[in-house]
2 protein chains.
Amino acid sequence: MEKEIEYKNIPLFEGISEENLTRLLYCINSFKREYEKGETIILEKDKVPYIGIVLSGSVHMLKNDIWGNSTLLSYVTEGELFGENFAVMKIPESSVTFQAASHTKVLFLAASKIIHTCENACSFHAQIAENMFNLLGRKSISFMNKIEIMSKENIRGKLLAYISMLAQQQKSKYVITPLSRTQLAEYLSVNRSAMTRELSKMRDEGIIDFDRDTFVIK
Amino acid sequence: MEKEIEYKNIPLFEGISEENLTRLLYCINSFKREYEKGETIILEKDKVPYIGIVLSGSVHMLKNDIWGNSTLLSYVTEGELFGENFAVMKIPESSVTFQAASHTKVLFLAASKIIHTCENACSFHAQIAENMFNLLGRKSISFMNKIEIMSKENIRGKLLAYISMLAQQQKSKYVITPLSRTQLAEYLSVNRSAMTRELSKMRDEGIIDFDRDTFVIK
DNA sequence: TTCAATCTGTTGCAATTGCAACACACTAAG
DNA sequence: CTTAGTGTGTTGCAATTGCAACAGATTGAA
């Protein structure tokens, strides 16, 4: 759990040889930091000239409104990026809060070094830019998936859409959610007790089965 | 209404001189097409190696599920891009349908020419790549905004969040929505009649006022 | 203009959801 | 081990929403 992902397995670095990667990390000002569970990584309104890569643990993207309601917009796990949507903007200011969901290690890279062509004309710069385009597209698509889940007319529809999405990602009937019940309710924007009520009802009707964080659609 | 946006006002082309733009459009295989209201531009599962730029009219991004329910995921208007999230992927396949919401003119550009460095080493290639990064970030953020709107606990909250978002975009108290009532209900994923009921109630309570497609929060 | 098709607002009723309160797990710190 | 704090499942009740049916308004084509 505490083990970091190997750099060669990070999607942003795909297609870059290990020797070049060492040079790259030097060329792109990069640094590492660790966060405790619950610690804030980036606060709403913060300037974010850096792209974060989760080396271990996971990061939650949260939005708090004026009335104190908190929403879990999305979450990222090992190897994935966060803050990149803001970092690639002209004025890189975050409109959300990023928080460590567990003990988390993060590698930060200066976004400007990826967006702008390198003065040294590193051969691998083109590769990382291309990977970055890919990942920005992928991130948008994952947001679209969440919109699709939330667009379901009732709690049952949302749960089924969420579990189906996980099944597709995990390529298995048996899926594991990284979210607690309370967090899942916050993620789907439904009342927690109404959600557990619906889960029980769906199990009684034989539509799904679950044990703790593992779900199956039958 | 039928007039096309000028190329120099398209965000993707920002910072590129008009002479260079002519060369660019030649370098990047580009072509124009027109669509009738309601016509499908890109169907789910279609390959989309092209980025679309709306020159006039507007485009709706739709998702249809197995049971025939349709959701309006997002919409883009003059000068904005669509399909770019899929086009920048390694396997550029759309997971949604794009449809002309009115009579619409579209300029298509080959995404590969933007993502990969140009063989001719056009000086303005770096500029368009940078603009593309910006716009991909912006698109992600607009999806996050929609998630935030949909995360509101009831119809009233969703409507207020939507109108507030428009007010921020249009920098005015008086906002105009490009969506019909039926479309707005589909966009917010709520029942149409329940939505008009809530709108009336909010007007009665003096919270908002509206006339046709114009809204004010009081 | 005329007419059909679609959009819009309204309302009563049924279903779903949120709320609040509670008991019982589980977790982490002392 | 003990204990406080937090997460989870349950339930009755109230509020919100969806559904269906309808009438009037609006739109677009002939």
Side-chain angles (χ1 to χ4, degrees), chain A residues 1 36-39 60 65 67-72 99 101-103 149-162 177-205 207-215, chain B residues 1-2 36-39 60 65 67-72 99-103 149-162 177-205 207-215:
Chain A
M1 182 193 280
E36 301 291 319
K37 178 176 177 176
E39 196 177 348
H60 284 187
D65 72 11
W67 300 277
N69 304 312
S70 177
T71 310
L72 176 49
Q99 204 174 52
S102 56
H103 183 89
I149 290 170
M150 292 185 70
S151 75
K152 299 302 172 191
E153 62 292 348
N154 51 29
I155 295 181
R156 175 170 300 203
K158 286 175 191 171
L159 284 167
L160 288 172
Y162 177 70
T177 174
L179 302 177
S180 70
R181 289 285 184 279
T182 305
Q183 287 170 342
L184 181 55
E186 200 184 327
Y187 181 77
L188 300 177
S189 291
V190 296
N191 181 275
R192 184 194 58 81
S193 63
M195 189 185 80
T196 55
R197 179 204 285 149
E198 190 62 32
L199 278 172
S200 305
K201 206 190 287 181
M202 288 164 79
R203 177 157 59 185
D204 291 347
E205 294 179 26
I207 298 170
I208 61 167
D209 200 4
F210 57 91
D211 176 51
R212 297 176 174 256
D213 61 350
T214 305
F215 292 82
Chain B
M1 183 194 280
E2 275 296 302
E36 302 290 320
K37 179 177 176 174
E39 197 177 346
H60 284 186
D65 71 11
W67 301 277
N69 304 311
S70 178
T71 310
L72 177 49
Q99 205 174 51
S102 57
H103 182 90
I149 291 170
M150 293 186 69
S151 75
K152 299 301 172 192
E153 62 292 346
N154 51 28
I155 295 182
R156 174 170 301 203
K158 286 175 191 172
L159 285 167
L160 288 173
Y162 177 70
T177 173
L179 301 177
S180 69
R181 290 285 183 279
T182 305
Q183 288 170 343
L184 181 55
E186 201 184 325
Y187 181 76
L188 300 177
S189 291
V190 297
N191 181 274
R192 182 193 58 81
S193 63
M195 189 186 79
T196 56
R197 179 203 286 148
E198 190 62 32
L199 278 172
S200 305
K201 205 189 290 182
M202 287 163 80
R203 177 157 57 187
D204 291 348
E205 294 180 26
I207 299 170
I208 61 167
D209 201 4
F210 57 92
D211 177 49
R212 297 172 175 261
D213 60 350
T214 306
F215 293 82

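A note on names: the letters A, B, ... follow the listed sequences, proteins ahead of strands, and every chain is numbered from 1. Note that these values count all heavy atoms, side chains included, but never hydrogens, waters or copies made by symmetry.
- Atom-to-atom, CG of A/Asp211 to C1' of C/dC26 comes out at 15 Å; the value is rounded to the nearest Å.
- Residue B/Leu184 contributes atom CG, which lies 14 Å from atom C1' of C/dC7 at whole-angstrom precision.
- Here the side chain of B/Arg156 pairs no donor or acceptor atom with the backbone of B/Leu199 at under 3.5 angstrom.
- For the atom pair A/Gln183 CD and A/Thr177 OG1, the distance stands at 8.5 Å (nearest 0.5 Å).
- When the P atom of D/dT27 is taken as reference, atom CZ of B/Arg181 falls 13 Å away, rounded to whole Å.
- In terms of modelled atom types and a separation under 3.5 Å, the side chain of B/Asn191 and the main chain of B/Ala194 share a donor-acceptor contact.
- A search for ring pair (Phe, Tyr, Trp, His ring centres under 6.0 Å) contacts involving B/Tyr187 returns B/Tyr75, B/Tyr162, not counting sequence neighbours.
- Contact annotation: B/Thr182 side-chain N/O to C/dT6 OP1/OP2 distance is not under 4.0 Å.
- Under 3.5 Å, the side chains of B/Glu186 and B/Ser70 contain a donor-acceptor pair of N or O atoms.
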At a cut-off of 3.5 Å, list every protein nitrogen or oxygen paired with a nitrogen or oxygen from nucleotides 14-18 of chain C, distance to 0.1 Å.
{"unit_1": "C/dT17", "atom_1": "OP1", "unit_2": "A/Ile155", "atom_2": "N", "d": "2.5"}
{"unit_1": "C/dG18", "atom_1": "OP2", "unit_2": "A/Asn191", "atom_2": "N", "d": "2.8"}
{"unit_1": "C/dG18", "atom_1": "O6", "unit_2": "A/Arg197", "atom_2": "NH2", "d": "2.8"}

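- A/Ser189 is not listed as a side-chain neighbour of B/Glu153, based on a closest heavy-atom distance of 4.5 Å or more.
- Side-chain atoms of A/Arg181 do not come within 3.5 Å of backbone N or O of A/Thr196 as any donor-acceptor pair.
- D/dT6 atom C1' lies 15 Å from atom CD of A/Glu186, rounded to whole Å.
- Rounded to whole Å, the distance from CG on A/Leu159 to C1' on D/dG9 is 15 Å.
- Under the 3.5 Å distance criterion, the side-chain polar atoms of A/Glu39 are matched with a main-chain donor or acceptor of A/Glu36.
- For the helix from C/dT1-D/dA30 to C/dG30-D/dC1, the terminal axes (five pairs an end, C1' atoms, rotation from four pairs onto the next four) enclose an angle of 60°, given to 10 degrees.
- Here A/Thr196 lies in heavy-atom contact (under 4.0 Å) with a base.
- Within 4.0 Å of A/Arg212, counting heavy atoms only, lie sugar-phosphate atoms of the nucleic acid but no base atom.
- In this structure the side chain of B/Ile208 reaches within 4.5 angstrom of the side chain of B/Leu160, judged on heavy atoms.
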